[in-house]
Every structure is written in C-alpha cells, then in structure tokens.
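Numbering of ligands and ligand atoms starts at 1, following listing order.
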Amino acid sequence: MTLTIDNVTKSYPAAKAAPRLALAETSLTIGRDEFVCVVGPSGCGKSTMLMMMSGLLTPTAGEVRLGDKVVTGPPAGLSVVFQDYGRSLFPWMTVRRNLAIAGKAARLPRAEIAARVAEALAAVGLHGADNLYPWQMSGGMQQRVAIARALVLRPEVMLMDEPFAAVDAQTRADLEDLVLKVRHEYQMTVVFVTHDIDEAVYLADRVLVLQANPGRLVRDLPIDLPRPRDQVTTKLEPRFAQLRSEIFRLVMRPADAAD
Ligand SMILES: Nc1ncnc2c1ncn2[C@@H]1O[C@H](COP(=O)(O)OP(=O)(O)OP(=O)(O)O)[C@@H](O)[C@H]1O
C-alpha cells in the first residue's frame, strides 16, 4: 500500500505563545515495499511525521493517506515500534502474552493468534522464549520482542521511531540485519526514524532529510548501494562513504542556508 503525505503541516499549541510549527507543508509518497529512513537534527519533526503516519497524531493541515484511505486514527495493516521497549512491553506478562495481546486487540481467532505468535518469535530469532518475562531479557532481546509483537499483525507498513537507539553497537548491528530480514520475509514497507546516518544509509532504499525551525523536507535521496547488504563490506564501500558525507552535510548545515 502506498503511504502518502499530502501537503501536511503540524503545529502544537503553546500555553502562552504562538503555536509551535513542528512540520511545514510536507508532501511525499512512499511506495509498497520501500525502506525509507528519516534523518535530521533534533526537533526537526521526525517523530511528529511518523506519528501522523501512524494515525496517533492528526495533521493541522493537509492529509495522510494509506492506499486511498485518509488516515484519521491507527489504521489496520500498520504497526509501530518505539525506542522505549521497556515501556511498550508489559513486564508482568510473558513474551507469549505480550504478543498475543496484539492479536486479541485485532480480534483474531485464538488458533490464529497462537500460530502468528510462534511465527513472529521464530522470525526475530526468539523461538522458545515464549515463557520468559521481559525483565528476564537483555535490551536487545526485549526490542526483538517488540518487533515480534508488531509482526503479529502481519503489517503492510511498519513504522519505527529510533528503535535501536538504546542498545549497544553490536546489538544494534544485529538488530539492523534482523529488520532487513523481516522486512523481506513479511514484504513490508518500513519507515524508520534515526539519528544515526550510517544506520540510515545501511538500511534504506531512500533517505529523507529534514531540517528544523520549522521542520521541513530538504532532500529525498535514493540509496544506490547493492543488496544484499553486509555490515562490513557495505560500510567499507566508497559509495557508502559518499552518501554518508552528503547526508551529514545536509543535516549539519544551518537551517536557513540556501538549497
Ligand atoms: N506534544 C508536543 N507539544 C508541543 N510541542 C511538541 C510536542 N511534540 C513535539 N513538539 C515540538 O515539535 C518539534 C518537533 O518535535 P519532534 O519530536 O517531532 O522532533 P524530532 O525530530 O523527532 O526530535 P528528536 O530527534 O529530538 O526526537 C520540536 O520543536 C518539539 O519540541
């Protein structure tokens, strides 16, 4: 399904000041099966854009569409994974129950939920972890559980908001490869917000660069690196370094610099 942002503006009300313009007049289309990373300095509206795609926030002007339907609340066929797995998983529930709850909310039959939970746990490499509690697992394992829970819905679109920002470098590299694998297996469109430019270049088919004050899209850059990707050889490619420098310059330049 195509995800469309059509001339979207978002401002937040402020108590004793003019509303804060978080994202200004932004338009873009994300095609089926694309992997799009969103980068930009802090406060440029990355999470705001993602939350409007998820239907958890409403645009002040313009519209978001999934397929030909305007997004007015959390749509079917779309899952979100947040950075803070500690808060998004229920610590008093086993892994199996944490995943099953997503299927119950979608009113799936019990047998279907059980099959999807097993499938999702196998997809993230946690086969056999059903009866553990989140607090018995490492941060990386908990984020795998959060990804598995998103997969239970077999989403067409997965939105990820800095999902690997809180884990160590090796775990992060493993999780990056995991997300490339499950994206392929579940044939999902992925929109992935990150502060890490290397991560964006490694994962994405396209990188969207935003700038702040107000948040706006300044570059939509195709990532022409060969697939399948590999943490060592891909990151040592001269083209990887060129793309990373181009994006770094865009992210770091002053917001009022001419295009
Ligand atoms: N609920 C809110 N109420 C008021 N202002 C908000 C709210 N959420 C975000 N903002 C403001 O909107 C702007 C964009 O915020 P947003 O979190 O989308 O940026 P971001 O690029 O994701 O930032 P970061 O990289 O630091 O997470 C910021 O100036 C932020 O302070």
Legend entry - Closest protein heavy atom (residue, atom, distance) for atom 21 (O) of ligand 1: Lys46 NZ, 2.9 Å
Inset, instruction - Around atom 6 (C) of ligand 1, find the nearest protein heavy atom and jot down its residue, atom name and distance. - result: Tyr12 CD1, 3.2 Å
Inset, instruction - Distance to 0.1 Å, residue and atom name: give those for the protein heavy atom nearest to atom 17 (O) of ligand 1. - result: Ser47 CB, 3.9 Å
Legend entry - Side-chain donor-acceptor pair present, Asp174, Thr171, cut-off under 3.5 Å: no
Legend entry - Short side-chain donor-acceptor distance under 3.5 Å, Ser47 and Asp161: yes
Legend entry - Pair Phe164 + Phe192: ring centers closer than 6.0 Å: yes
Legend entry - Mutual orientation of the aromatic rings belonging to Trp135 and Tyr133 [parallel < 30°, tilted 30-60°, perpendicular > 60°]: parallel
Inset, instruction - May I ask you to identify the nearest protein heavy atom to atom 26 (O) of ligand 1, giving residue, atom name and distance to one decimal place in Å? - result: Ser42 OG, 2.6 Å
Inset, instruction - Report, as yes or no, whether the 6.0 Å neighbourhood of atom CG on Asp224 holds more than 12 heavy atoms from other residues, nucleotides or ligands. - result: yes
Inset, instruction - May I ask you to identify, for Arg20, whether its side chain, its backbone, both or neither come under 4.0 Å of ligand 1 on a heavy-atom basis? - result: side chain
Legend entry - Nearest protein heavy atom with distance in Å, relative to atom 19 (O) of ligand 1: Gly45 N, 3.2 Å
Inset, instruction - Could you tell me whether His195 approaches ligand 1 through its side chain, its backbone, both or neither, with non-hydrogen atoms closer than 4.0 Å? - result: side chain
Legend entry - Side-chain donor-acceptor contact under 3.5 Å, Tyr12 with Thr60: no
Legend entry - For Ala22, the ligand 1 atoms whose distance to one of its heavy atoms is below 4.0 Å: 12 (O), 13 (C), 14 (C)
Inset, instruction - Say whether Cys44 and ligand 1 are in contact under the criterion: heavy-atom distance to a ligand atom below 4.0 Å. - result: yes
Legend entry - Glu162 CD to Asp84 CG distance, which is reported to the nearest 0.5 Å: 11.5 Å
Legend entry - Protein residue, atom and distance nearest to atom 27 (O) of ligand 1, heavy-atom basis: Glu162 OE2, 3.9 Å
Inset, instruction - Please report which non-hydrogen protein atom sits nearest to atom 23 (O) of ligand 1, along with the residue it belongs to and the distance in Å to one decimal place. - result: Gly43 N, 2.9 Å
Legend entry - Pair Gln187-Glu156, side-chain donor/acceptor within less than 3.5 Å: no
Inset, instruction - Identify, for atom 15 (O) of ligand 1, the protein heavy atom at the shortest distance, and state residue, atom and that distance. - result: Thr48 OG1, 3.8 Å
